[in-house]
S.K.: 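Sharing a structure here in structure tokens format.
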Amino acid sequence: MYGETATIVSLSSLRLLWEIRRSLVMKQRIKNALEESLKSTVANPEKYLGFVDISETKDKQYGDYSTNIALVLAKELRMSPRQVADSLREKITTGTIIKKVEVAGPGFVNFFVNEVAWGFCLQEIFVSGDAYGKCALGKGKKVQVEFVSANPTGPLHIGHARGAVVGDVIARLLSACGYEVVKEYYINDTGNQMSNLGISTLYRCRELKGDKSPLPDNSYQGEYLLDVAQEILEKYPDILQKPEKEATALCGTFAATVILNGIVDDLAVLGVNFDRYFSESSLYETGLVTETLTFLEQNGTAYRTQDGTLWFRTSAFGDEKDRVIVRATGAPTYFAADIAYHHQKFSDNYDRVIDIWGADHHGYIARMRAGVEAMGHDVKKLDIVLIQLVALLRNGIPVAMSTRAGEFVTLREVVEEVGADAARYNFLLRRLDSHLDFDLEIAKRQSSDNPVYYVQYAHARACSVLRLAEEKKIDNLKWHESIPSFLTLEEEIAIIRLLISFPDVVRSSAQSVEPHRLAFFLNELASMFHSYYNKYKIISDDEETTLSRLFLVGAIKTVIKNGLTILGVSAPQRM
RNA sequence: GCGCCUGUAGCUCAGAUGGAUAGAGCAUCUGCCUUCUAAGCAGAGGGUCCAGGGUUCGAAUCCCUGCAGGCGUACCA
């Protein structure tokens, strides 16, 4: 049986292989065929080529690929959709890859791909290995992703985690698409909150020395400042003897540094790290804020009112009203520093600048874009991504999350409870603009059947099968041109179709800044593999079938591994 | 009041560029481990896609209005 099939395959396989390699993507192959047909069917085809769109079908009865081009062109050509479809179909030559073409429904043209052709796609995955899924979309382009940027006034909580994970994965996606990515964290280390932090910490120092007077109203009440105070007292035993102003400043700086170090550590536990930490105070030190303000005032986009306040004319850029950038007291607002910061970003010659913000900052978008534009930069290069906030619940009841009041479950506590992989995947399974309830009890209870394990388990399972094959001395994971002819089951073709769409998923996830698509893709792939695994034996007495299926399993393993890597989730070999 | 986001199965959520019969997980029920990992699989039930209009060959998807929830509307971040 094997010999007979092999003969048939070897006759056509070289040609098939060559053809598939030439086009690489099956979809492109179909599209080419359709375009050729269009050229010989309609009068001025160049006018309609832009409408050609091929989509993957969901239902097997409609073939493997489908186009609605006839429906789109019908009116223009003054023909019925079915007529257009029929004439297009007649001009499409079937052969080694396209088995047949059908017209169905209101006028869809459906393409059926030769079953044997699919298996050849696996070789591409095998050859690319770890690089499979990557592309050169952003080759030679620099992009900056700024995210988290939480104020160094307290530890991160669950609300920051979503932004951290999403920002990190967006960076990874862009990186997979060939962009040179810089991950940046902006540190707000000046202004009122710093002095508040200093005051709060100083009070804690006094408290440790026996002074029980209560903390001022708007200070940071968290007990974590007691630890910071302890450190300060050890390092500066005379802190309480110093002048109030000096002691406060010292406490503020010290506390901010300690807290930021803690934030960096916590993020590292979550698998998030940055290339650059950019300090707001450095903008003042280098004079960039002053420079920016002068520039705005000189080009007329900023004006002074009688009391000395400097206003930025954001309303001229679509904002609902003008904004203050320098108070009457002469102190710049945070917004002033933000404009300077974005000016700095654009001065670094990025091709794209991405800000990832919590959705509660959405009212800030218009003025930020105004700032970039007024500074003479191409505002189209700025992409502000909003992420809906996370509501932390315990047994369905909201948990108060206030840095100031010091009542919160820290990010670190959550990660230590549910694990970094589960925490990350939890955030990645939702659209960015979807509100998210994170219930601590549910997260704990469901930690063992969290969706992340489903995908990881599929990977571990694939590894396990391949491991067993190795133990049995089966010479697996070697390409042979007869492999495709042993992978023609409906389930196998469905899996291959999914596998070859992986690069598209990565690309579209990156382009549309929607990491959840990749996560859902992996869930679907895992599901198909689990199902296939349960229905069919991978390793059997039939050598050819075994080798072919092992090759498929190898490809599945590669894609899951590559996908999880982009999501920053581990791909365990055993579970 | 105005602006942004959301509204899809009992619950949590997917449904890119408008496409053919709207999907998954959890929960409920029924089966499957002497056989490659049961953290798995197979099957069942479960829907006014918030409501009402409009656009067209075709709408969960686009437009308008209304309703509901969240967020924002600072010389706070």
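Hydrogens, waters and symmetry mates play no part in the numbers below; they use all other heavy atoms, side chains included. Chain naming here is simple, since letters A, B, ... match the order of the sequence lines and numbering starts at 1 in each.
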S.K.: Using heavy-atom distances to pick each residue's nearest nucleotide on RNA chain B, tell me which of Tyr536(A) and Arg430(A) is more 5'.
M.R.: Arg430(A)
S.K.: Send over the distance from Tyr425(A) OH to C13(B) C1', rounded to a whole Å.
M.R.: 13 Å
S.K.: Compute the ring centroids of Phe278(A) and Tyr341(A), then answer whether they are less than 6.0 Å apart.
M.R.: yes
S.K.: May I have the distance from Phe427(A) (atom CZ) to A14(B) (atom P), rounded to whole angstrom?
M.R.: 14 Å
S.K.: When rounded to the nearest Å, what value does the distance between P atoms of G72(B) and C11(B) take?
M.R.: 26 Å
S.K.: Classify the nucleic acid contact of Asn68(A) as base, sugar-phosphate or nothing, counting any heavy atom under 4.0 Å across all strands shown.
M.R.: base
S.K.: OP1 or OP2 of C32(B) versus the side-chain N and O atoms of Tyr533(A): is any pair under 4.0 Å?
M.R.: no
S.K.: Excluding sequence neighbours, so at least two apart, what forms side chain to side chain contact (heavy atoms under 4.5 Å, CB included) with Ala469(A)?
M.R.: Ile474(A), Asn476(A), Ile539(A), Leu550(A)
S.K.: For Lys27(A) versus Ile54(A), what's the shortest heavy-atom pair and its separation?
M.R.: CE-O, 3.0 Å
S.K.: Nearest whole Å is fine: how far is C41(B) C1' from Lys537(A) NZ?
M.R.: 14 Å
S.K.: Using atom CG of Asp360(A) as one end and atom C1' of A74(B) as the other, report the distance to the nearest whole Å.
M.R.: 14 Å
S.K.: What integer distance in Å separates Phe438(A):CZ from C13(B):P?
M.R.: 13 Å
S.K.: Hey, are the side chains of Phe486(A) and Glu492(A) touching, using non-hydrogen atoms and a 4.5 Å cut-off?
M.R.: no
S.K.: Across all strands, who's sitting opposite C71(B) as a Watson-Crick or G-U wobble pair, both distances under 3.5 Å?
M.R.: G3(B)
S.K.: Would Arg461(A) count as a cation-pi partner of Tyr533(A), with NZ or CZ less than 6.0 Å from the six-membered ring centre and within 45° of the ring normal?
M.R.: yes
S.K.: What are the atom names and distances for every N/O pair under 3.5 Å that joins the protein to nucleotides 3-10 of chain B?
M.R.:
| unit_1 | atom_1 | unit_2 | atom_2 | d |
| --- | --- | --- | --- | --- |
| G3(B) | N2 | His362(A) | NE2 | 2.5 |
| C5(B) | O2' | Gln388(A) | NE2 | 3.2 |
| C5(B) | O2' | Asp433(A) | O | 2.9 |
| U6(B) | OP1 | Asp433(A) | OD2 | 3.0 |

S.K.: Using the P atom on both, measure G58(B) against G40(B) and round to a whole Å.
M.R.: 44 Å
S.K.: Considering only atom P, compute the distance from A22(B) to A9(B) and round it to an integer number of Å.
M.R.: 15 Å
S.K.: Can you tell me the distance, in whole Å, between the CG atom of Asp421(A) and the P atom of A39(B)?
M.R.: 18 Å
S.K.: For Ala150(A), does its backbone N or O pair with a side-chain atom of Tyr185(A) as donor and acceptor, under 3.5 Å?
M.R.: yes
S.K.: Regarding Glu56(A), tell me which of base, sugar-phosphate or nothing describes its non-hydrogen contacts under 4.0 Å with the strands shown.
M.R.: nothing
S.K.: When the P atoms of C49(B) and G23(B) are considered, how many whole Å apart are they?
M.R.: 14 Å
S.K.: Whether Ser531(A) contacts A42(B) is assessed here as follows: a side-chain N or O lying under 4.0 Å from the phosphate OP1 or OP2. Is that the case?
M.R.: yes
S.K.: How is Phe312(A) classified with respect to the nucleic acid when contacts are heavy atoms under 4.0 Å: base, sugar-phosphate, or nothing?
M.R.: nothing
S.K.: Checking all strands, does His516(A) fall into the base, sugar-phosphate, or nothing category for heavy-atom contacts under 4.0 angstrom?
M.R.: sugar-phosphate
S.K.: For U61(B) versus G7(B), give the span between their P atoms, rounded off to a whole number of Å.
M.R.: 11 Å
S.K.: Taking the C1' atom in each of C33(B) and C41(B), what is the distance between them to the nearest angstrom?
M.R.: 11 Å
S.K.: Tell me the partner of G10(B), counting only Watson-Crick (N1-N3 plus N6-O4 or O6-N4) or G-U wobble (N1-O2 and O6-N3) with both under 3.5 Å; none if nothing fits.
M.R.: C26(B)
S.K.: Would you tabulate the nitrogen or oxygen pairs shorter than 3.5 Å linking the protein to nucleotides 20-22 of chain B?
M.R.:
| unit_1 | atom_1 | unit_2 | atom_2 | d |
| --- | --- | --- | --- | --- |
| A20(B) | O2' | Tyr62(A) | OH | 2.8 |
| A20(B) | N6 | Ser66(A) | OG | 2.7 |
| A20(B) | N6 | Asn110(A) | OD1 | 2.9 |
| A20(B) | N1 | Asn110(A) | ND2 | 3.3 |
| U21(B) | O4 | Gln61(A) | NE2 | 2.7 |

S.K.: Suppose you measure atom C1' in C5(B) against the same atom in A39(B); what distance do you get, rounded to whole Å?
M.R.: 35 Å
S.K.: If you look at every strand shown and take non-hydrogen atoms under 4.0 Å, does Leu468(A) touch a base, only sugar-phosphate, or nothing?
M.R.: sugar-phosphate
S.K.: Classify Tyr457(A) by what it touches in the nucleic acid, base, sugar-phosphate, or nothing, heavy-atom distance under 4.0 Å.
M.R.: base
S.K.: Provide the distance between the two C1' atoms, one in C26(B) and one in U65(B), to the nearest whole Å.
M.R.: 36 Å
